[in-house]
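Read the structure below first, then the notes.
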Amino acid sequence: MLFHVRMDVNIPDDLDPDVRADTVAREKAYSQDLQRSGKWPHIWRIVGEYSNYSIFDVESNDELHTVLSGLPLFPYMDIKVTPLATHPSDVNA
């Protein structure tokens, strides 16, 4: 199942700098592992924002929830999920 996900990150300004650095480093490692596994095939930065648009390819809604809630930055994110379906005019479908 494919999902379009927008993630807006809002790390509190008063978060301890060492905690912030550790959380961001763990986020990068976790997200890159998911990319290598094929579950997170696309990620794009939204210009001028601490946000991204991503495509996830997972087996179910529950798996997506598990993946997203496992993100180290999850407590600081606003997330919007849109399920995707094949378009009948897609020449590659």
Side-chain angles (χ1 to χ4, degrees):
M1 297 178 72
L2 294 176
F3 296 90
H4 173 267
V5 179
R6 178 181 173 131
M7 291 178 258
D8 298 304
V9 182
N10 303 295
I11 299 173
D13 292 334
D14 62 350
L15 186 65
D16 178 275
D18 292 333
V19 172
R20 179 188 174 111
D22 176 67
T23 304
V24 169
R26 289 186 297 113
E27 178 83 11
K28 183 175 183 177
Y30 180 77
S31 70
Q32 289 180 343
D33 286 346
L34 288 167
Q35 291 172 61
R36 287 184 193 98
S37 76
K39 292 182 185 295
W40 195 339
H42 301 284
I43 182 170
W44 296 273
R45 169 78 63 202
I46 299 173
V47 175
E49 300 181 29
Y50 195 173
S51 304
N52 72 73
Y53 286 124
S54 293
I55 300 295
F56 286 85
D57 189 358
V58 293
E59 294 297 317
S60 66
N61 295 336
D62 291 331
E63 183 181 10
L64 180 64
H65 180 76
T66 298
V67 166
L68 294 176
S69 62
L71 290 164
L73 287 173
F74 180 78
Y76 311 113
M77 289 183 172
D78 293 319
I79 298 175
K80 293 185 176 51
V81 175
T82 304
L84 300 174
T86 303
H87 194 285
S89 296
D90 183 353
V91 297
N92 297 311

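Predicted model only: the values in this text are computed from it and were never measured. Side chains are part of it too, since the values below use all heavy atoms of this structure and drop only hydrogens, waters and symmetry mates. Residue numbers count from 1 along this sequence.
Applying the ring-ring contact (aromatic ring centres under 6.0 Å, His included) rule to pairs touching residues 48-72 yields H4-Y53, W40-F56, sequence neighbours excluded. Listed by first and then second residue, the side chain to side chain donor-acceptor pair (under 3.5 Å) pairs involving residues 73-93 are N10-D78 (not counting sequence neighbours).
Put simply, the side chain of I55 reaches to within 4.5 Å of the side chain of L84, judged on heavy atoms. When side chains are defined from C-beta on, N52 counts as touching M7, because their heavy atoms get closer than 4.5 Å. Side chains of N61 and V81 form no contact here, defined as non-hydrogen atoms less than 4.5 Å apart. Proximity of D22 to V19: side-chain heavy atoms (C-beta onward) are nowhere separated by under 4.5 Å. The side-chain heavy atoms of V67 and F74, taken from C-beta on, include no pair separated by under 4.5 Å.
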Next on the checklist: Run the side chain to side chain contact (heavy atoms under 4.5 Å, CB included) test on D57 and K39 for me, step by step, so that the C-alpha distance in whole Å, both residues' side-chain angles and the decisive distance to 0.1 Å come before the verdict.
Outcome noted: CA-CA 5 Å; D57 189 358; K39 292 182 185 295; 6.0 Å; no

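Among residues two or more places apart in sequence or in another chain, the salt bridge (charged side-chain N to carboxylate O under 4.0 Å, His left out) test is passed with E59 by none. Under the salt bridge (charged side-chain N to carboxylate O under 4.0 Å, His left out) criterion, K28 pairs with no residue, sequence neighbours left out. Remark: R6 pairs with D8, E49 by the salt bridge (charged side-chain N to carboxylate O under 4.0 Å, His left out) rule, at least two apart or across chains. In this structure, the salt bridge (charged side-chain N to carboxylate O under 4.0 Å, His left out) partners of D33, at least two apart in sequence or on a different chain, are R36.
Expressed to the nearest 0.5 Å, how far CD of Q35 lies from OG of S54 amounts to 7.5 Å. For the atom pair OG1 (T23) and CG (D16), the distance works out to 9.5 Å, reported to the nearest 0.5 Å.
I46 and V5 sit in two unconnected hydrophobic clusters of ILVMFWY residues. Membership requires side-chain heavy atoms under 4.5 Å apart, directly or through other members. The cluster map of Ile, Leu, Val, Met, Phe, Trp and Tyr, joined by side-chain heavy atoms under 4.5 Å apart, puts M77 and V24 in the same cluster. Taken together through direct or relayed side-chain contacts under 4.5 Å among Ile, Leu, Val, Met, Phe, Trp and Tyr, L2 and W44 form part of one hydrophobic cluster.
Checked by atom type and distance alone, the side chain of E27 pairs as donor or acceptor with a backbone atom of L73 at under 3.5 Å.
Scanning both residues, R20 and I11, for their nearest heavy atoms gives NH1-CG2, 3.5 Å.
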